[in-house]
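A, B, ... follow the sequence lines: proteins, then strands. Residue 1 opens every chain.
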Amino acid sequence: MPELPEVETTRRGIAPLLEGRLLTWAILREQRLRHAVPENLAERVAGARILSVGRRAKYLLIRHDRGGLLLHLGMSGTVRVLPVGYPAAKHDHVDLLLEGGELLRYNDPRRFGLILPTNSDPDDHPLLRDLGPEPFDPVLTGEALHQMARKRKSPLKVFLMDQKILVGVGNIYASEALFRARLDPRRLACEVSRPAWMRLLTAVREVLDEAITAGGTTLKDFRDPDGKPGYFGLHLQVYGRADEPCLSCKRPLHQLRLGGRATYYCSHCQR
DNA sequence: CCGGACGCCTGTCGGC
DNA sequence: TGCCGACAGGCGTCCG
């Protein structure tokens, strides 16, 4: 589920509540996530003072004075801030208890996400090692993308979703950015011109930025830490709109599979 | 090294 | 009504 805008929305929701607070305990109801959550999670976090809540790619990084926590929402994960004692529901796998009577509750029906305590800065975790640049990092340019794509024969959309190239773009925003840049998702990455890469990078940044402003996209599960959905779904131009008219040319949009994922595009506007 | 298929999970939806 | 397959926002591994 959550791509960069949903993770960033989650980060912004929890950061003001967490920063400077003391973690007092953790309740672990289900440890079988993408990686097993250590049995001693509570002891690992109890008494730690939270310094900051950051984000790298689609990971949330909670830094505290004894290390940190790495958190990923997978396909269906959400995090909420609730009062202590709030009854736990199905798939509420982990609670992080905070000084002052609130808790951070992690819910993830499909269990593709993760919560891992780290002894040092969670930035240094091996899971983050091979990630590409953030989409808003100035080191990322149309020229850089053009270079990286030179020998890549995968479809443009698959390339765009490769987290080693750049991070944060998932299945929804890949289709949206390609529509905005008027590029055919099936085009081979190695055959895309430098001006087209610049157009695409601009489109990626615009789409992500607008989605963050809207609080992300709620197709089904996603909620911000207050339990509110994201409203970018109202701005989706192509995702989920197979056979509906293109908002630009009125011709019906197409759907196909690329890299095993549903892909939506306009065969007239995107070349 | 690269690209494609598959698996990990649960829930939901459409077709029969 | 019930069953069964397909599919869903991510990502890692395997194999050719």
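A salt bridge between A:Glu191 and A:Arg152 is absent, with no side-chain N of the basic residue lying under 4.0 Å from a carboxylate O of the acidic one. A salt bridge between A:Lys164 and A:Asp130 is absent, with no side-chain N of the basic residue lying under 4.0 Å from a carboxylate O of the acidic one. Salt bridge annotation for A:Arg205-A:Glu134: absent, with no cationic side-chain nitrogen under 4.0 angstrom from a carboxylate oxygen. Salt bridge annotation for A:Glu3-A:Lys58: absent, with no cationic side-chain nitrogen under 4.0 angstrom from a carboxylate oxygen. Taking a cutoff of 4.0 Å between a charged side-chain nitrogen and a carboxylate oxygen, A:Asp92 and A:Arg29 do not qualify as a salt bridge.
Atom CZ of A:Arg186 is separated from atom P of B:dG3 by 18 Å (rounded to the nearest Å). Summarising the geometry, the separation between CG on A:Asp162 and P on C:dG10 is reported as 13 Å, rounded to the nearest angstrom. In this structure, the NZ atom of A:Lys153 is 17 Å from the P atom of B:dC1, given to the nearest Å. The CG atom of A:Leu33 sits 15 Å away from the P atom of C:dG12 (whole-angstrom rounding). Rounded to whole Å, atom P of C:dC11 lies 5 Å from atom CD of A:Gln163. One interatomic measurement links the two molecules: CD1 of A:Ile165 to C1' of C:dG10, which rounds to 17 Å at whole-angstrom precision. Distance, A:Leu160 CG to C:dC11 P: 13 Å, rounded to whole Å. In this structure, A:Lys151 places its NZ atom 12 Å from P of B:dC1, rounding to the nearest Å.
Ranking C:dC11, C:dG9, B:dG3 by closeness to the A:Phe222 side chain, first place goes to C:dG9. For A:Met161, taking side-chain heavy atoms from C-beta onward, the closest of the listed nucleotides C:dG10, C:dC7, C:dG12 is C:dG10.
Between the side chains of A:Lys157 and A:Asn171, at least one donor N or O lies within less than 3.5 Å of an accepting N or O. A donor atom on one side chain and an acceptor atom on the other are not found under 3.5 Å apart for A:His125 and A:Thr118. Residues A:Thr218 and A:Tyr231 have side chains that never bring a donor and an acceptor to within less than 3.5 angstrom of each other.
The separation of C:dC3 from B:dC9, taken at their P atoms, amounts to 24 Å, rounded to a whole angstrom.
The residue A:Tyr59 sits close only to the backbone: its heavy atoms come under 4.0 Å of sugar-phosphate atoms, none of a base. Backbone-only contact: A:Lys90 has heavy atoms under 4.0 Å from sugar-phosphate atoms and none from a base. Residue contacts shown for A:Lys220 include a base, since a base heavy atom lies under 4.0 Å away. Heavy atoms of A:Tyr239 sit under 4.0 angstrom from primed sugar atoms or phosphate atoms, though from no base atom.
Residue A:Leu114 shares its hydrophobic cluster (ILVMFWY side chains chained together at separations under 4.5 Å) with A:Tyr59, A:Leu61, A:Leu70, A:Leu116, A:Leu127, A:Leu128, A:Leu131, A:Val167.
Between A:His72 and C:dC11 there is a side-chain N or O to OP1 or OP2 distance below 4.0 Å. Phosphate contact (OP1/OP2 of C:dC7, side-chain N/O of A:Arg261, threshold under 4.0 Å): absent. At least one side-chain nitrogen or oxygen of A:Lys58 sits closer than 4.0 Å to the OP1 or OP2 atom of C:dG10. For the pair A:Arg257 and C:dA8, the criterion of a side-chain N or O lying under 4.0 Å from OP1 or OP2 is met.
Judged purely by atom type and a 3.5 angstrom limit, A:Asp95 has no side-chain atom pairing as donor or acceptor with the backbone of A:Leu103. Panel note: side chain A:Asp108, backbone A:Gly113; a donor-acceptor pair is recorded below 3.5 Å.
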Canonical and wobble pairing (Watson-Crick, G-U, under 3.5 Å) of DNA chain B, dot-bracket with |: .|||||||.|||||||
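Positionally, the nearest nucleotide of DNA chain B for A:Ser154 lies more toward the 5' end than for the other of A:Arg32 and A:Ser154.
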At a cut-off of 3.5 Å, list every protein nitrogen or oxygen paired with a nitrogen or oxygen from nucleotides 14-16 of chain C, distance to 0.1 Å.
none

Report each atom pair, protein N/O against N/O of nucleotides 5-9 of chain B, whose distance is under 3.5 angstrom.
residue: B:dC9; atom: O3'; partner: A:Arg111; partner atom: NH2; Å: 2.7
residue: B:dC9; atom: O2; partner: A:Arg110; partner atom: NE; Å: 3.0
residue: B:dC9; atom: N3; partner: A:Arg110; partner atom: NH2; Å: 3.3

List the atom pairs, with distances to 0.1 Å, where a side-chain N or O of residues 242-251 of chain A and a protein N or O form a donor-acceptor pair under 3.5 Å, not counting sequence neighbours.
residue: A:Glu244; atom: OE1; partner: A:Arg241; partner atom: NE; Å: 3.2
residue: A:Ser248; atom: OG; partner: A:Arg182; partner atom: NH2; Å: 3.0
residue: A:Arg251; atom: NH1; partner: A:His268; partner atom: ND1; Å: 3.1
residue: A:Arg251; atom: NH1; partner: A:His268; partner atom: NE2; Å: 3.4

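Partners of A:Glu102 according to the salt bridge (Lys or Arg N to Asp or Glu O under 4.0 Å) rule, which considers only residues two or more places apart in sequence or in another chain, are A:Arg21.
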